[in-house]
Protein chains: 2
Amino acid sequence: MKQKSITIYDIAREANVSSATVSRVIAGNYPVSEKTKKKVFDLIEKYDYQPNAVARSLTKKESKMIGVILPDITNPFFAQVFIEAEKYALTKGYTLILCNSMNSSELESKHLRVLSERQVEGIIFMGGRINKTHPKVSEINELKYVIEKIPVILVNGRMETLECPSISTNEAKGIELIIDHLVKQGHTMIGLIGGMTGITTTDIKVEAFRQNLEKHQLAAVDSWQIYSGYDVKRGKEAMEEMLKINKHNLPTAIIGINDLVVIGALKLCHQKKMNNFSFVGFDDSELTQNSIPEITSVSHPYKELGEKTVDMLIKSKTTDMKAENLFIDPHLVIRESTI
Amino acid sequence: MKQKSITIYDIAREANVSSATVSRVIAGNYPVSEKTKKKVFDLIEKYDYQPNAVARSLTKKESKMIGVILPDITNPFFAQVFIEAEKYALTKGYTLILCNSMNSSELESKHLRVLSERQVEGIIFMGGRINKTHPKVSEINELKYVIEKIPVILVNGRMETLECPSISTNEAKGIELIIDHLVKQGHTMIGLIGGMTGITTTDIKVEAFRQNLEKHQLAAVDSWQIYSGYDVKRGKEAMEEMLKINKHNLPTAIIGINDLVVIGALKLCHQKKMNNFSFVGFDDSELTQNSIPEITSVSHPYKELGEKTVDMLIKSKTTDMKAENLFIDPHLVIRESTI
DNA sequence: TCATGTGATGTAACCGGTTTCTATACAATG
DNA sequence: CATTGTATAGAAACCGGTTACATCACATGA
């Protein structure tokens, strides 16, 4: 329904040169006389000629596209990494294709397939549910199969069952920052709520939690660590349980596995009119600044995560990618909830 | 660095047929003998042959890609529409390319160009800063130029300077729902904060605000309507001003131009220990459920916005698109902040 | 029996670029 | 002057599909 666009041949014809010459003028990687160059550039401008990226992809066998598969772009963590990756990719001539898997392995597979058919040069895989307790082996196989053909990088996710390069926030370091801060504030009784055992990122945090309590010679009270999940509702539930089972022996500071959990806990405390806890979240999402009180939280190295991932993918075109696991340190943003 | 994939010719050779036949088997739009079909399908399965979408795009002159340009995927409104659009597009064989413009017209132009070169079949343009007070005419021209070549649809944005089809939430209706609800709750003194005059979506809401007050024969007190902006900070500022200039004549219910503004206003009221206002937001973002109190808000017809937009774009391939402006009614989600 | 229609398949052109190979003109070198 | 090198440019193949057109075998109907 729209007019057909002009091609390299149209330019060539009007300039009385061959398409090869026009191609060379554009690429600028081959000697072309100044006169011809000018003639071609003038025509390109005159018609606002835009090279057809699809045709170029086909001949050059490089699509200049990178796929991004994540559970849900609504999650501020994924959104932030994506934005940084996109910004960076653009400067490198790459385009990102975002795929929301909505935590469905079926969708994940479908997206994997589409991306592969579209000849993406690499796939960024975030927060997939692949971990040692993952129920569906089929999915891992699917991914494994793709990895053999397309470079895949995991962001903040590890796969015990599969060799795959990854880039992650050093979450253990994040927990260390939190506990150091809380101790400096005078806290000696610290709890941890949310998350699920078996999920890599939770396991790492819990492990770091215990180690750092020990480092400061603080008691690791078992009932002060409550698994529940990752959303606001779970946070509320966890806090409810915390209050119930520790009625007479409560921690003074509580770390949430992520910001949402803290929001939930805060809500419960507000309802119960208990405003005597310090809270720390994880992810430093916008929520932390919009809640009352504003929440101290660990901020991921978003920019590095995004850029390094894209870089590794681009590099993997020429260098064989080692299945290395890169960790980047986060930092702590201190707000009202811990002062 | 990865192995080359197999092509339709590989399949054809091993099946002792021509590539045309394989193509026909896959397309299934042409009679092929059962025997040949089976032979080909078996080989496709054996090698897990995946057609090269780039090559297909080139010959068929249809990329099956749609571009999406929006200011910032972090904004829950855009994210939600995107998710719905993507979900739907996938079922139709289309892939979306998300572009964050970060409110920079430079980036907008760059993305427009990239998308055009990639031969996208259409562009979904959300929340662009194009309106009657828009300072940069160059940008409009850029967009205008693209529109001549690629179908563009605006989502929740209108352009006075440019004929372009659009799909929008009926925001006036949203305001009507709010005011009807507040009146039913007994409110007779209603304020409106946030937004900016000159921005289409604000103008529409303000206009509807006044009309609906009139409908209920309520006073439209000038100082109860305060422009400020769109984020939490602006909301706080607006509320501060509201309290200052209306010290002895305050509204009892306050409508925010969006949810963020309400969050800001709530924060201020919390600081000032003034918990006697009813608040209503707009967008029904997750924030509304996570704040204290939970906020009554107008929910956009996300699913319809996403699906209808994709549908229109697909249809525009065969039918010439009228520059029509479609409106879809939102609904009101009632929460603690107005009871 | 011959003309015609139909099903199944192959051939080759095409999509819009890039790139290898080749050719030409001209300058520099011996 | 013959030889070699270099700058410039074209011809043609190629990327991996799709499809218009051609072909052929066989069935049908006059």
Side-chain angles (χ1 to χ4, degrees), chain A residues 2-41 43-44 47-65 93 114 116-121 149, chain B residues 2-41 43-44 47-65 93 114 116-121 149:
Chain A
K2 301 272 167 168
Q3 70 213 45
K4 66 269 156 264
S5 31
I6 61 155
T7 72
I8 203 169
Y9 292 101
D10 299 325
I11 302 292
R13 193 177 334 106
E14 191 157 337
N16 281 316
V17 297
S18 72
S19 70
T21 300
V22 177
S23 177
R24 285 167 188 144
V25 169
I26 294 168
N29 55 0
Y30 205 83
V32 178
S33 77
E34 285 307 319
K35 215 175 69 183
T36 310
K37 241 185 230 170
K38 183 171 178 349
K39 215 169 21 170
V40 169
F41 275 133
L43 285 170
I44 286 179
Y47 292 112
D48 189 37
Y49 164 70
Q50 302 182 333
N52 182 324
V54 172
R56 178 178 286 165
S57 293
L58 184 58
T59 29
K60 300 195 76 175
K61 283 164 155 295
E62 43 175 53
S63 65
K64 292 274 182 181
M65 298 196 294
V114 170
S116 161
E117 288 184 0
R118 287 208 180 277
Q119 314 296 118
V120 295
E121 295 179 24
K149 307 201 299 181
Chain B
K2 302 271 167 170
Q3 68 212 49
K4 68 266 156 269
S5 30
I6 62 157
T7 72
I8 202 169
Y9 292 100
D10 299 324
I11 301 292
R13 192 178 335 107
E14 191 157 339
N16 281 315
V17 298
S18 73
S19 70
T21 300
V22 177
S23 178
R24 284 169 189 141
V25 169
I26 294 168
N29 55 0
Y30 210 82
V32 178
S33 77
E34 284 308 317
K35 215 174 67 183
T36 310
K37 241 186 228 170
K38 182 171 178 352
K39 216 170 19 172
V40 169
F41 275 134
L43 285 168
I44 287 179
Y47 293 111
D48 189 36
Y49 163 70
Q50 302 182 332
N52 182 323
V54 172
R56 180 179 282 166
S57 293
L58 184 58
T59 30
K60 299 194 78 174
K61 284 165 156 294
E62 42 174 55
S63 65
K64 292 274 182 183
M65 298 196 293
V114 169
S116 161
E117 287 184 0
R118 287 209 182 274
Q119 316 296 119
V120 296
E121 295 178 23
K149 306 202 299 183

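Protein chains get the first letters and strands the later ones, always in sequence-line order, with residue 1 at the start of each. As the structure is a prediction and not an experimental result, all values here were calculated from the model.
Taking atom CD of B:Glu117 as the reference point, atom P of C:dC15 lies 20 Å away to the nearest angstrom. Taking atom NZ of B:Lys35 as the reference point, atom C1' of D:dA25 lies 14 Å away to the nearest angstrom. Here the C1' atom of nucleotide D:dT18 and the CD atom of B:Glu62 are 11 Å apart, to the nearest Å. Taking atom CD of A:Glu34 as the reference point, atom P of D:dA7 lies 14 Å away to the nearest angstrom. For A:Leu58 and D:dG17, the CG to P distance is 9 Å, given to the nearest whole Å. In this structure, CD1 of B:Ile11 is placed 13 Å from P of D:dG16, rounded to the nearest angstrom.
The distance from atom OG1 of A:Thr36 to atom CG of A:Asn16, rounded to the nearest 0.5 Å, is 10.5 Å. Between atom OG of residue A:Ser57 and atom CD of residue B:Gln119 there is a gap of 10.0 Å, rounded to the nearest 0.5 Å. For the atom pair CD of B:Glu62 and CD of B:Glu121, the computed distance is 5.5 Å after rounding to the nearest 0.5 Å. Atom CD of A:Gln50 and atom OG1 of A:Thr7 lie 13.0 Å apart (nearest 0.5 Å). Interatomic distance, CZ of A:Arg56 versus CD of B:Glu117, reported as 7.0 Å (0.5 Å rounding). To the nearest 0.5 Å, atom OH of residue A:Tyr49 and atom CD1 of residue A:Ile26 are 4.5 Å apart.
The nearest pair of heavy atoms linking A:Arg118 to B:Val54 is O-CG2, 3.8 Å.
Comparing the start and finish of the helix from C:dT1-D:dA30 to C:dG30-D:dC1, five pairs each, the helix axis swings through 60°, to the nearest 10 degrees.
Ranked by how close their nearest DNA chain C nucleotide is to the 5' end, B:Lys37 and B:Lys61 are led by B:Lys37.
If you check every strand for non-hydrogen atoms under 4.0 Å, B:Val17 touches sugar and phosphate atoms only. Residue B:Ser57 is out of contact with every strand shown, counting any heavy-atom pair closer than 4.0 Å. If you check every strand for non-hydrogen atoms under 4.0 Å, B:Asp10 touches nothing. Backbone-only engagement by A:Ser33 is indicated by non-hydrogen atom pairs under 4.0 Å involving sugar-phosphate atoms exclusively.
Between A:Ser5 and A:Asn52, every side-chain heavy-atom pair lies at or beyond the 4.5 Å cut-off. For the pair A:Ile11 and A:Tyr47, the minimum side-chain heavy-atom distance is below 4.5 Å.
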>> For a quick check, with a 4.0 angstrom heavy-atom cut-off, what is the B/S/- contact string for nucleotides 17-23 of chain C, read 5' to 3'?
In response: BBBBB--
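OP1 or OP2 of C:dT9 sits under 4.0 Å from a side-chain N or O of B:Thr36.
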